[in-house]
Amino acid sequence: MIRTLTAAVHQEDDWYVARCLELDVASQGETVDEALSNLREAVETYLDEVTHPTIETTPLVTSFQVGRAA
């Protein structure tokens, strides 16, 4: 079965960290593509090993603006 999940990616120093928003799984890589590829592999491994995984509802992901520079 093919399932579409959501990833949030951010940079920490020289690494990109990718986190699956529906599962408590994360990975990293030197590029965004590598981080996502590693996350895909980590999620597949997680789903193979966990008998009844808890998959949260996909959250609404959006952006907003603030009046001050961060």
Using every non-hydrogen atom in the two residues, find where C20 and V43 come nearest and quote the distance to one decimal. CB-CG2, 4.1 Å
Using 0.5 Å steps for rounding, measure from the OG1 atom of T58 to the CG atom of L21. 8.0 Å
For the CD atom of E12 and the CG atom of D14, what is their distance to the nearest 0.5 Å? 11.5 Å
Rounding to 0.5 Å, atoms CG (L5) and CG (L39) come to a distance of 8.5 Å
Nearest-0.5 Å distance that lies between atom CG in L36 and atom OH in Y16: 11.5 Å
With side chain to side chain contact (heavy atoms under 4.5 Å, CB included) as the test, would you mind laying out the steps for R3 and I55 before giving the verdict? CA-CA 11 Å; R3 182 175 185 119; I55 300 176; 3.5 Å; yes
Neighbour count above 12 (heavy atom, 6.0 Å) for E41 CD: no
Considering non-hydrogen atoms only, spot the tightest contact between T31 and E34 and give its length. OG1-N, 3.0 Å
Restricting to non-hydrogen atoms, name the atom on A35 and the atom on A18 that form the minimum distance, rounded to 0.1 Å. O-CB, 3.7 Å
State whether the side chain of N38 and the backbone N or O of Q28 hold a donor-acceptor pair below 3.5 Å, judged by distance alone. yes
Taking all non-hydrogen atoms of both residues into account, name the closest pair between E22 and P59 and its distance. OE2-CD, 4.4 Å
Kindly give the heavy-atom pair with the smallest separation between V25 and Y46, and that separation in Å. CG2-CG, 3.8 Å
Hey, mind stepping through L23 and L47 against side chain to side chain contact (heavy atoms under 4.5 Å, CB included) and telling me if it holds? CA-CA 10 Å; L23 300 168; L47 292 175; 4.2 Å; yes
